[in-house]
Engineer: 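Starting off with a structure, shown below.
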2 protein chains.
Amino acid sequence: MLTGKNVLIVSPNQLQAIGLKSILYEYFSPKEVDIQSEFDNSLNKHLAEYIFLSSDIYLAHQKKLQAITRKLVILTEFEQDEESFENPAMLNTTLSQTELVDKLETIFKKNAGKSEDDQNEKLSLREIEVLVLVARGFINKQIADKLSISLHTVMSHRKNITRKLGIKTVSGLTMYALLNGLIQPKDVR
Amino acid sequence: MLTGKNVLIVSPNQLQAIGLKSILYEYFSPKEVDIQSEFDNSLNKHLAEYIFLSSDIYLAHQKKLQAITRKLVILTEFEQDEESFENPAMLNTTLSQTELVDKLETIFKKNAGKSEDDQNEKLSLREIEVLVLVARGFINKQIADKLSISLHTVMSHRKNITRKLGIKTVSGLTMYALLNGLIQPKDVR
DNA sequence: TGTTAAATCACTACAAATGGGGATTGTGGA
DNA sequence: TCCACAATCCCCATTTGTAGTGATTTAACA
């Protein structure tokens, strides 16, 4: 299910992290699972497609994490309702091993399914980054500066985004980003 | 600071809730402070201007809470960085009483400033019409045609809208219109 | 009746986005 | 190895929006 994919676990609770790692290796054959005990900014550069985060770290660094386009899974000890299940997904750490595996399967399936259904053409990670910044109200020049790329590149990405999504307006892109959990109202300028 | 204002505390931790309640009454003279131990949907109908939430409840119901326009304060036990301090604001429950009062003051001040700016000038009916069309993804020329007015007039209205609301970006206006019930996602092009 | 605010229209200069062409790297998969 | 694709960069012409400074008409209202 995670074949060829990298996973990062960020949790100060080492036992919890190790437990999750062993479950992932046993049932989902990921390419690699890394563990960090602290949040740091190297996270942006990490290759992981899935990032598991303890709830405290998620809360404390929410602002920074919003720009992250990778799939987030929050580790919490609280029973969550079904609706709030996607993006960020949540995993109740008090569940039994079998239940955990089930929940993880659901999470991985949803994400896999989503990317196939929603668009015939998937956005690349970079395109999603640009989309998020557009939706948050930054102009192309600001996006270029933020991502340290040229204005031309930003425009290229935007051309591809509008083509792939078939959405031509900033309002439309904003709504798309909101409905797909890429941004939250408070992110917008 | 909270004069005449209602507050709701949602936390399964009763002691924590009662402690917060007593601090609020002692230092901020709110109109009323209610306590709920569980999250339920009556929250939408509650009059509270401020809602304090335990971090677990916030995490579990994040999706639903995104639509809430009331001011949220999350109760966490983790030291958060300064950046992630506004909306939702966070309150570290491990702080001393004096520190707590300081932090709360900061939170209330920030929000007070914000709401004053917001209410400064009301939009005229025509401005709201224009705002809605902007948020739905129409360009000025299309708006002019739809309203049978000149492009100049549309631009005039937009200038007034951005000045009154203090929102300069299309994304921001879109989100404003959405959060204020002026548009629905399906309206957007 | 004089004041005020809304709604309308206009000009200028400039900033930003769009839509159409391209090109070059590097990586990973078939 | 070859191909596809992501990511980067470039040029051009045109459209759209922004910012500042105006004016006129009408309707409300104290």
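Proteins come first, then strands; the chains are lettered A, B, ... in the order of their sequence lines, and each starts at number 1. Side chains are part of it too, since the values below use all heavy atoms of this structure and drop only hydrogens, waters and symmetry mates.
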Engineer: Do A:Ser171 and B:Arg189 have side-chain heavy atoms sitting under 4.5 Å apart?
Structural biologist: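 No, their side chains stay 4.5 Å or more apart.
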Engineer: Could you state the atom-to-atom distance from CG of B:Leu147 to C1' of C:dA6 in whole Å?
Structural biologist: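 My rounded result for the distance is 15 Å.
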Engineer: Check every nucleotide of DNA chain D for an atom under 4.0 Å from a heavy-atom of chain B, then give the first and the last such nucleotide from 5' to 3'.
Structural biologist: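 Using the under 4.0 Å cut-off, the span is D:dT16 to D:dT21.
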Engineer: In whole angstrom, what separates A:His152's NE2 from C:dG22's C1'?
Structural biologist: 12 Å
Engineer: Under 4.0 Å between a side-chain N/O of B:Ser124 and OP1 or OP2 of C:dA6, yes or no?
Structural biologist: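 For B:Ser124, the contact criterion (side-chain N or O under 4.0 Å from OP1 or OP2 of C:dA6) is not met.
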Engineer: Drop me the distance from B:Phe138's CZ to B:Asp145's CG, to the nearest 0.5 angstrom.
Structural biologist: 11.0 Å
Engineer: Would you mind reading off the distance between A:Ile139 atom CD1 and C:dC14 atom P, rounded to a whole angstrom?
Structural biologist: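 That distance rounds to 17 Å.
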Engineer: Under 4.0 Å between any heavy atoms, over every strand shown, what does B:Thr153 touch: base, sugar-phosphate, or nothing? Just pick one.
Structural biologist: base
Engineer: Tell me the interatomic distance from A:Gln142, atom CD, to C:dA17, atom C1', rounded to whole angstroms.
Structural biologist: 14 Å
Engineer: What is the distance from atom NZ of A:Lys21 to atom CD of A:Glu32, rounded to the nearest 0.5 Å?
Structural biologist: 8.0 Å
Engineer: Please state how far atom CZ in A:Arg158 lies from atom P in C:dG20, giving the value in whole angstrom units.
Structural biologist: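 Going from A:Arg158 (CZ) to C:dG20 (P), I get 15 Å.
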Engineer: Does one hydrophobic cluster hold both B:Phe108 and B:Tyr25, with members joined at side-chain heavy-atom distances below 4.5 Å?
Structural biologist: yes
Engineer: Let me spell it out: for each of B:Lys168 and B:Ser156, pick the nucleotide of DNA chain D with the closest heavy atom. Which residue's pick is nearer the 5' end?
Structural biologist: B:Lys168
Engineer: Between atom NZ in B:Lys159 and atom P in C:dA10, what is the gap in whole Å?
Structural biologist: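 Interatomic distance, NZ of B:Lys159 to P of C:dA10: 13 Å.
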Engineer: B:Lys164 has an atom NZ; how far is it from atom C1' of C:dA7, in whole Å?
Structural biologist: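 Going from B:Lys164 (NZ) to C:dA7 (C1'), I get 11 Å.
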Engineer: Could you check if a side-chain atom of B:Pro185 sits within less than 4.5 angstrom of a side-chain atom of A:Leu179, using non-hydrogen atoms only?
Structural biologist: yes
Engineer: CD1 of B:Ile149 versus C1' of C:dA10: gap in Å, rounded?
Structural biologist: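 That distance rounds to 14 Å.
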Engineer: Under 4.0 Å between a side-chain N or O of B:His157 and OP1 or OP2 of C:dA7?
Structural biologist: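 For B:His157, the contact criterion (side-chain N or O under 4.0 Å from OP1 or OP2 of C:dA7) is not met.
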Engineer: According to a hydrophobic-cluster definition based on side-chain heavy atoms being under 4.5 Å apart (Ile, Leu, Val, Met, Phe, Trp, Tyr only), do B:Leu147 and B:Met155 belong together?
Structural biologist: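 Looking at the clustering, B:Met155 is in a separate group from B:Leu147.
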Engineer: First locate atom CD1 of B:Ile183, then atom CG of B:Leu173, and finally report the distance between them rounded to the nearest 0.5 Å.
Structural biologist: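 Spacing of CD1 (B:Ile183) from CG (B:Leu173) equals 10.0 Å.
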Engineer: With nearest nucleotide decided by heavy atoms, which residue, B:Met155 or B:Leu123, maps closer to the 5′ end of DNA chain C?
Structural biologist: B:Leu123
